[in-house]
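Following: one structure in structure tokens, then a few remarks.
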Amino acid sequence: MPTRSVIYARISTSPDGEASLGVQRQEADCRELAAHKGWTVAEVLVDDDVSAYKPGKRPAYARLIEGIRAHRYDALIVYDLDRLHRHPWELEEFFRICDGAGFETLASVAGDHNLATADGQFHARIMGAVAKKESDDKSRRLRRKHAEIAEQGRFPGGKAPYGYRSPARGALAIEVDEAAIIGECARRVLAGESLRSIALDLTERDVPGPHPGPWRPSGVARILTQPAPAGRRHVPRSADTTAANWPAILDEVTWHRLRALVKRPGRAGSTARRWLLTGGISVCGICHQPLSAKAVARLGGRPWYQCVPPPAGDGCGRLSVVGEPFERHVTDELFIWEQGTHLGEAAERIGAPNEGTHHAIADIESQMGELAALWSTKRISMGEWLSARDPLQARLDAARSVDAADHVAAVLAPFKGGHVLAEEWHGLDLSQRRAIAAALIETITVAPGRVGLNRFDPSRISLEWR
């Protein structure tokens, strides 16, 4: 007679602690069954709040299989067979393992099963098939329920997104202080400030975030680009969004602009750079490669711009310029340029952002994704993929160029009210200064220095305005 038994309990949902209560009830009934049979309970293994239907690891189940293979148990007790498996293939694998280990006895509150006999395995297969059907039905009902909730624009439940709170009746309402932070972050990103500098500032101000600890650039980006602040919500099993039944914090055009800006490859301000004129705006006058900058100890930690040769860079390595007078000269040129062409006038000329651009980019990216999926499944050839992809890529590049112009308009928008750049400059964040410089200057070309001249030479600097 078997004497060493193991109890396995599992429950897959945990609303308000119900999972813990559920496995406790399973264990109590299984212990009662063991006592009735005169078996000793050697171990209790519990997968609490773990599904047997969804793919994934069940730690306690893995230890159960290990124990069966190691001959640590003579019998297994479960509340019901569907606590053990919900997939026929997993049940067949369980039979194979038990057969190899000589493990024969499986007991449940509903009845015993001799795994060494064909009848015992047949009965277990029937129970497993019934459990699989029940799981499929439950999954289908849940999918339909969530689809219906999405169609109605209702909040699916759980923790309210940043900027909102959940009143008693379940509808999201705006959390005023958090909504103000979202609005502030949106304005700062559109004005050219980096996500990193915004995150650092919020942390220094002790602004409460969505999670404990310091703010992070990725967290700022996530808050600004998730659908909730635009009054939208995700459609289940889809990348689409639909109108929600809660109030928006950001208008939809602003939200799309933020999404395009944050996701744009290599966008200015995605990370906080240390120097004003790096990132491609200044180039070498010999090889026309972008200049890099580094802090130099003998200059008191101030920058030194240089053309970097391989392997660290792609330049010729034959040109450099002291950073502080270089940056000061370019800044002075910006102030002089503004005296003839005020930023407000330039912003008015550029006009408002094109509201349809973000839709065009999203549509093209979706088409390219579908095309890539066709090629990856070998439904089209490489030649067909290239033929279809090239015109889409050309349209995407053109749309992104328009989007870049929209970004320039957003950067200059604060100056439409007649603000003067020279008066505002020293109060701006470095990333905002970089954004303004990049919005107004196409390229800064630095020519080679004159032999024997040991001071900064402004004649080396050539600015090409946008």
Side-chain angles (χ1 to χ4, degrees), residues 146 149-167 169-203 205-236 238-264 267 269-270 352-359 361-362 365-366 403 406-407 409-411 413-414 431-432 435:
H146 286 297
I149 291 173
E151 289 167 2
Q152 296 172 354
R154 291 154 50 200
F155 182 57
K159 182 180 178 181
Y162 188 81
Y164 294 90
R165 53 186 170 82
S166 299
R169 288 187 291 179
L172 292 180
I174 290 178
E175 184 67 53
V176 177
D177 292 341
E178 294 180 357
I181 294 299
I182 291 177
E184 175 192 336
C185 292
R187 289 189 297 272
R188 293 171 69 172
V189 168
L190 292 176
E193 191 169 349
S194 71
L195 296 170
R196 183 172 182 271
S197 66
I198 294 172
L200 288 172
D201 176 60
L202 294 175
T203 300
R205 287 160 49 192
D206 291 326
V207 174
H211 305 289
W215 285 80
R216 300 188 181 279
S218 59
V220 178
R222 191 178 305 112
I223 287 172
L224 295 178
T225 57
Q226 65 181 349
R232 303 190 66 80
R233 59 150 293 166
H234 282 297
V235 175
S238 168
D240 297 332
T241 64
T242 186
N245 68 348
W246 57 80
I249 296 170
L250 303 172
D251 65 83
E252 196 167 338
V253 172
T254 297
W255 178 67
H256 279 292
R257 287 285 304 120
L258 289 166
R259 285 170 62 89
L261 188 59
V262 169
K263 294 194 300 181
R264 182 194 302 159
R267 76 170 187 88
S270 57
N354 186 335
E355 297 183 9
T357 304
H358 51 260
H359 293 298
I361 291 175
E365 289 178 338
S366 176
D403 181 60
D406 288 351
H407 177 54
V411 168
S431 55
Q432 292 174 294

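Just the heavy atoms: all of them, side chains too, but no hydrogens, waters or symmetry mates, feed the values below. From a predicted model like this one, the values you see are computed outputs, not experimental measurements.
Atoms NE2 and CG, on H256 and D251 in that order, are 10.0 Å from each other to the nearest 0.5 Å. Distance check: L258 CG to L250 CG gives 6.5 Å after rounding to the nearest 0.5 Å. Distance CG/L200 to CG/L195: 11.0 Å, rounded to 0.5 Å. The OG1 atom of T254 sits 10.5 Å away from atom CZ of R187, with the distance rounded to the nearest 0.5 Å. A distance of 5.5 Å separates NZ of K159 from NE2 of H211, quoted to the nearest 0.5 Å.
Checked against side-chain contact (heavy atoms from CB on, under 4.5 Å), P208 has no partners two or more places apart in sequence or in another chain. Residues meeting the side-chain contact (heavy atoms from CB on, under 4.5 Å) test with A199, sequence neighbours left out: W215, P217, V220.
Judged by distance alone, with hydrogens and angles left aside, the side-chain atoms of Y164 form a donor-acceptor pair with the main-chain N or O of P247 at under 3.5 Å. With R232 contributing its side chain and A244 its backbone, the two residues share no donor-acceptor pair below 3.5 Å.
Residues S166 and A160 share a closest heavy-atom pair of OG-CB, 3.5 Å.
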N/O donor to acceptor pairs below 3.5 angstrom from side-chain atoms of residues 171-186, sequence neighbours left out:
{"residue": "E178", "atom": "OE1", "partner": "G163", "partner atom": "N", "Å": "2.8"}
{"residue": "E184", "atom": "OE1", "partner": "R205", "partner atom": "NH2", "Å": "3.3"}
{"residue": "E184", "atom": "OE2", "partner": "R188", "partner atom": "NH1", "Å": "2.7"}
{"residue": "E184", "atom": "OE2", "partner": "R205", "partner atom": "NH1", "Å": "2.7"}

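Counting heavy atoms from C-beta outward, W255 and P227 have side chains that approach closer than 4.5 Å.
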